[in-house]
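Residue numbers begin at 1 in each chain, while the letters A, B, ... track the order of the sequences.
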Number of protein chains: 2
Amino acid sequence: MSENKPRVLIVEDESDIRRFVRMALESEGYEAYEADTLKRGLIEAGTRRPELVMLDLGLPDGDGVDFIRELRAWTGIPVIVLSARGAESDKIGALDAGADDYLVKPFGAGELLARVRAQFRRHAYADSGESLVSFGDVRIDLARRLVERNGQPLHLTPIEYRLLTFLVAQPDRVITHRQLLTKVWGPSHLEDLHYVRVHMANLRKKIERDPSMPKHVLTESGIGYRFVL
Amino acid sequence: MSENKPRVLIVEDESDIRRFVRMALESEGYEAYEADTLKRGLIEAGTRRPELVMLDLGLPDGDGVDFIRELRAWTGIPVIVLSARGAESDKIGALDAGADDYLVKPFGAGELLARVRAQFRRHAYADSGESLVSFGDVRIDLARRLVERNGQPLHLTPIEYRLLTFLVAQPDRVITHRQLLTKVWGPSHLEDLHYVRVHMANLRKKIERDPSMPKHVLTESGIGYRFVL
DNA sequence: CCCGATTTTTACGGTTTCTTGATACGGGTA
DNA sequence: TACCCGTATCAAGAAACCGTAAAAATCGGG
């Protein structure tokens with residue numbers, strides 16, 4: 001191997017889209033591998049060891065959600081889901097199963113590359129493993145369970161703190177309502193969607209400069225939220 | 001012993017991970033010892049006297065939490081727990097039992113080393129730690145087990161003294177009720193939360209200028225307390 | 001065995017946090 | 001434009017949590 005390009009696996013049955021995605025990725029210096037079935041995709045993932053997977057949910061030979069589950073059994077590499085317009089529930093299922101982001105067809109090359117870059121950034125960041133995180137004018141000391149804003153201690157309630165740390169642990173990633181409810185309130189509160197709304201609003205009031213124009217806790221309508229640094 | 005490298009004990013049953021961790025540590029100048037069972041780990045800890053232990057929670061021959069408890073019976077050396085993805089409750093149990101930090105598999109070498117360095121930094125500080133601490137108008141002489149306020153001797157009961165020193169040892173950090181109960185009353189009193197309340201109130205009466213507006217022993221509702229100098 | 005010191009219980013009022021429901025907002029669509 | 005859906009916001013009531021005093025039990029030294 002002469003160079004050390006980041007490797008991306010494309011799992012997609014339509015050859016047009018496959019080619020489009022490959023071209024976009026290669027133009028930015030990524031190495032692209034292709035698979036046209038889920039089965040083949042899992043094999044390629046195991047042998048090529050890509051740093052990122054782009055997965056079409058509408059493949060004929062099985063459920064994309066199962067693909068993600070199998071992949072997640074042995075690796076945490078980011079998965080970006082490509083979904084057809086309107087296949088909302090599939091998308092959410094995929095995110096719940098461990099996908100990291102999604103793109104709705106049709107999408108442009110610029111949009112695609114931006115998402116890909118975000119995932120690579122996130123993964124590099126997650127490995128650096130400091131217990132100090134900061135964004136905007138907020139600093140979090142995870143080891144001490146301490147949050148401050150502009151140097152002043154910022155008091156968060158237990159739920160607010162759990163929400164924030166869960167979000168911060170995976171920036172740039174779409175987090176579903178379901179994931180938030182299970183992680184913060186426990187699996188028995190999957191129907192209490194309004195809890196999330198209320199507490200998210202309270203959290204925003206404390207950490208965003210302008211809570212009505214949030215810059216870090218973004219809402220993904222119909223799906224959940226996304227945290228960006 | 002020709003050199004004086006810091007010693008780290010790895011307690012882990014999977015040989016791949018063991019080797020990975022050892023390589024990472026040795027590349028940074030640590031001396032690494034290995035054990036593949038908890039039993040063996042305890043023996044090695046006793047003979048090698050490491051400055052740090054890396055412990056996999058999922059060992060076949062027993063509960064990692066018990067390992068930590070046994071270790072804590074005779075030493076306070078830092079323990080970093082290696083836990084499998086999603087074993088949230090194990091993680092908490094381990095921290096309560098006295099672990100100092102945790103890493104979620106899979107983790108990278110950079111992340112691992114950052115955590116290890118953090119522990120050595122912290123421990124070095126704690127060891128060199130003056131045996132004289134002071135805050136507000138209180139001075140504590142840890143070596144002589146003596147406390148005074150405004151120059152006057154201040155009498156603390158055994159429990160109050162243990163509470164205070166435990167808090168003072170980790171300023172700024174939130175300390176959970178569980179931690180206080182295990183450290184001060186022992187692990188069999190995890191349900192006696194009211195003990196903490198009563199004795200904390202008594203302690204505040206003795207060390208705070210205005211016990212109703214505490215400036216050093218702050219309460220974190222729903223979590224525990226936080227000591228600030 | 002007695003006494004003072006300490007710890008454990010108990011009880012209750014005050015505070016913080018969470019839940020709940022009502023209401024307003026805002027982007028998309030017919 | 002008017003409507004619909006999901007979202008944000010607010011404030012109340014409920015629940016959980018905390019501080020405190022004081023009584024009861026326990027401990028330890030003489």
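- Side-chain rings of B:F166 and B:Y161 stay apart, their centers remaining 6.0 Å or farther from each other.
- You'll find the side chain of B:V217 reaches within 4.5 Å of the side chain of B:M200, heavy atoms only.
- Within the model, atoms NZ of B:K205 and CG of B:D210 stand 13.5 Å from one another, a figure rounded to the nearest 0.5 Å.
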Legend entry - Contact pattern, 5' to 3', of nucleotides 5-13 of chain C - B, S or - by protein heavy atom under 4.0 Å: -SSBBB---

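- Under the rule for a side chain to side chain contact (heavy atoms under 4.5 Å, CB included), the partners of A:R178 that lie at least two apart in sequence or sit in another chain are A:D96, A:T176, A:L190.
- A salt bridge links A:D137 with A:R209: the distance from a Lys NZ or Arg NE/NH1/NH2 to an Asp or Glu carboxylate oxygen falls below 4.0 Å.
- One finds no salt bridge joining A:D172 and A:R115 here, because no Lys/Arg side-chain nitrogen approaches an Asp/Glu carboxylate oxygen to under 4.0 Å.
- Counting non-hydrogen atoms under 4.0 angstrom, A:Y225 reaches the backbone sugars and phosphates but no base.
- Taking the six-membered ring for Trp and thresholds of 30 and 60 degrees, A:H189 and A:Y195 have ring planes inclined between 30 and 60 degrees apart.
- When DNA chain D is scanned in the 5' to 3' direction for atoms under 4.0 Å from non-hydrogen atoms of chain A, the outermost contacting nucleotides are D:dG6 to D:dC10.
- The aromatic ring centroids of B:F135 and B:F227 lie less than 6.0 Å from each other.
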